[in-house]
Amino acid sequence: MRRHDLRRRWKQFSEAMGECRRADERWSLMQREIGQDLAPVLSEKEARHMTHTVFRINALLFLYSRLRAAEHDTDVGVLLGAITYVLDFVYDHHPNAEPGAERYEQLVYLRDEADNGQPIEAVLRKLAAQAWGVIPDPELFRSHLDAMLKTQRKSQLQEEGGELSASALEQLTLDKGHQSLCLFFSAVNASFNQNEAAALRGFGLYMQYMDDLEDFYEDRSESRMSPVRNPLSGAWRASRLLVAASPDLKRYYGLTSLRGYRIFMTWLWLFHGGILLACVTRELTRLLPPRPQLWVDRCTERLAARNPFFQVAPIGLTYYDFHTAERGRRRIPPSLGVVAAFPTAAVSTWLETRARASTFAALMDPILEANVSDPRRRAEVRRPLRQWALKGGYMVGAYARLAQLAPQDPLAFALRGGRPAI
């Protein structure tokens, strides 16, 4: 029995990782279609936000398919994730919702054509047209879309100058999370009804609160009201909200698919732990000087590139503007910051050295073997060439970081480093 359980759990894990890889493939294809239009508009931070949103919405719908014992369509998950991000981007950049945000709402409903000079409009109109073509019950989806957009318009009061009491902010958080879940699930389930919607209220509050916890410093830097008072209390409350949402989910979904419910909750708690780990990482790295923050950020992005699951629950979150969010906050002394950043810098340097040494070997070894037949003589010639290649790589790389230039290709490092030795 234990071996059977272990095999079953491994199968579930493999299916989830496989879904992350499929989402990565589909998102790469979609980026080729819309990336050229969005590149002039989105900053690096916003581009990452879009990727994380796409992976997260697709993962949510994948787990929802397990609750319903149904097949999951990765293309639909990626498509809905992209639309969700673009709409959020529009509302965040149109604090005075009329007429800016309303214009984009008409594009979502396909009631208007996009302006050729507005890339966001063109992308949103194109994605919306694809989405309406795959939704099983457009009328059901439209009703939930109406409710969600109405709630989004209310969220403009969270911007600077808005007036929201604590209770009103709490209600808005609940409505945003609940309406979003109803919208996503009605997009893939034509039998979605009011009873199922009622079971999702607590879960919707949890999901929206987790999103606010993740965006805590971004909200502060952009002067938006947040239901999260501080990261520590936010992490504790988010955990309690997840526990409070579980009975309703089990009462509704556990009756029809207890196994699917358990799979859902297992991955949900893993996601929860990943976001809390991200918050801990963020609280540690934000105390470091900017350069070590960038090193940590690059390491976490490489990790996400190797394993797409970390696009669902990203560990980094170091790209927020902490200086703007916390003006006047005392930072740790530079000397202590250097000591704290040393382990990360050592790992980063080691990885860069391996990459440059590998590039040098691929470039120079065939040339040396073709021109120097004696192995001993070849080793003598190779040694100083390799040393100069690595030294030159360090010099060019350090200058590129100092001048804030784009990272150089490792092949260029090897060529520039090798010339002085010859």
Side-chain angles (χ1 to χ4, degrees), residues 49 53 56-57 60 83-105 108 142-186 194-249 272 275-276 279 320-321 324-327:
H49 263 177
T53 301
R56 189 165 297 174
I57 299 304
L60 176 66
I83 295 174
T84 300
Y85 169 79
V86 175
L87 275 177
D88 285 343
F89 180 82
V90 167
Y91 278 102
D92 287 344
H93 291 79
H94 289 84
N96 300 316
E98 306 295 341
E102 184 181 9
R103 160 72 175 160
Y104 290 91
E105 292 173 7
V108 173
R142 191 185 306 276
S143 65
H144 288 289
L145 180 60
D146 292 341
M148 193 275 286
L149 292 179
K150 182 179 179 181
T151 302
Q152 283 285 12
R153 285 192 287 272
K154 292 180 181 178
S155 71
Q156 303 301 312
L157 295 175
Q158 290 181 260
E159 302 291 340
E160 185 176 15
E163 296 181 0
L164 277 178
S165 64
S167 60
L169 182 59
E170 180 74 9
Q171 184 63 42
L172 179 60
T173 304
L174 171 62
D175 291 341
K176 286 169 64 177
H178 183 232
Q179 296 297 344
S180 295
L181 287 181
C182 292
L183 181 69
F184 296 139
F185 293 170
S186 65
Q194 293 301 318
N195 291 333
E196 185 173 1
L200 294 171
R201 289 187 66 81
F203 182 48
L205 175 60
Y206 161 76
M207 290 295 290
Q208 184 60 45
Y209 191 84
M210 283 293 282
D211 185 66
D212 291 329
L213 175 62
E214 190 176 10
D215 294 339
F216 177 72
Y217 286 102
E218 182 180 22
D219 288 340
R220 291 183 64 175
S221 65
E222 297 180 3
S223 302
R224 281 195 295 268
M225 298 179 66
S226 173
V228 182
R229 290 181 297 177
N230 59 70
L232 181 60
S233 65
W236 173 244
R237 191 190 176 206
S239 302
R240 290 190 287 112
L241 287 175
L242 179 54
V243 172
S246 299
D248 288 339
L249 294 174
H272 181 80
I275 297 300
L276 294 188
C279 291
Y320 294 108
D321 189 354
T324 303
E326 297 192 326
R327 291 187 179 93

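The analysis underlying the following values was restricted to heavy atoms, covering all of them including side chains, and did not include hydrogens, waters or symmetry mates. Position 1 is the first residue of the sequence, and the numbers go up from there.
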- Item | Criterion side chain to side chain contact (heavy atoms under 4.5 Å, CB included) on Gln171 and Leu174, from CA distance to verdict | CA-CA 5 Å; Gln171 184 63 42; Leu174 171 62; 3.9 Å; yes
- Item | Distance in Å, Leu200 CG paired with Asn195 CG, rounded so as to fall on 0.5 Å steps | 11.0 Å
- Check Pro227 against Asp212 and note the closest heavy-atom contact, atom names and distance. CG-OD2, 3.3 Å
- Task: Quick one: pull up CE in Met148 and CZ in Phe184 and give me the separation to the nearest 0.5 Å.
- Result: 7.0 Å
Pairs under 3.5 angstrom only: tabulate donor-acceptor contacts from the side chains of residues 228-236 to other protein residues two or more places apart or in another chain.
unit_1	atom_1	unit_2	atom_2	d
Asn230	OD1	Leu232	N	3.2
Asn230	OD1	Ser233	N	2.8
Asn230	OD1	Ser233	OG	3.1
Asn230	ND2	Ser233	OG	3.4
Ser233	OG	Asn230	O	3.2

- Task: Using the side chain to side chain contact (heavy atoms under 4.5 Å, CB included) rule, take Glu105 and Val90 through it: C-alpha gap first, then chi angles, then the decisive distance, then the call.
- Result: CA-CA 10 Å; Glu105 292 173 7; Val90 167; over 6 Å; no
- Item | Side-chain heavy-atom pair Leu149, Gln179 within 4.5 angstrom cut-off | no
- Please list all pairs passing the salt bridge (charged side-chain N to carboxylate O under 4.0 Å, His left out) test where one or both residues lie in residues 230-243, with sequence neighbours left out. Glu170-Arg237
- Between atom CD1 of Ile83 and atom CG of Asp88, what is the distance when rounded to the nearest 0.5 Å? 12.0 Å
- Query: Mind checking what makes ring pair (Phe, Tyr, Trp, His ring centres under 6.0 Å) contact with His272, not counting sequence neighbours?
  - Reply: Tyr206, Trp269
- Item | Leu276 versus Ser239, closest heavy-atom pair with distance | CD1-OG, 4.0 Å
- Message: With rounding to the nearest 0.5 angstrom, report the CD1 to CE distance, Ile275 to Met210.
- Response: 5.0 Å
- Heavy atoms, side chains only, cut-off 4.5 Å: are Leu183 and Thr84 in contact? no
- Note on the structure: Rounded to the nearest 0.5 Å, the CD atom of Gln208 sits from the OG1 atom of Thr173 at a distance of 6.0 Å
- Message: Quick one: does any side-chain atom of His178 pair with a main-chain N or O of Ala197 as donor and acceptor, under 3.5 Å?
- Response: yes
- Working to the nearest 0.5 Å, report the span between CD of Glu196 and CG of Asp248. 12.5 Å
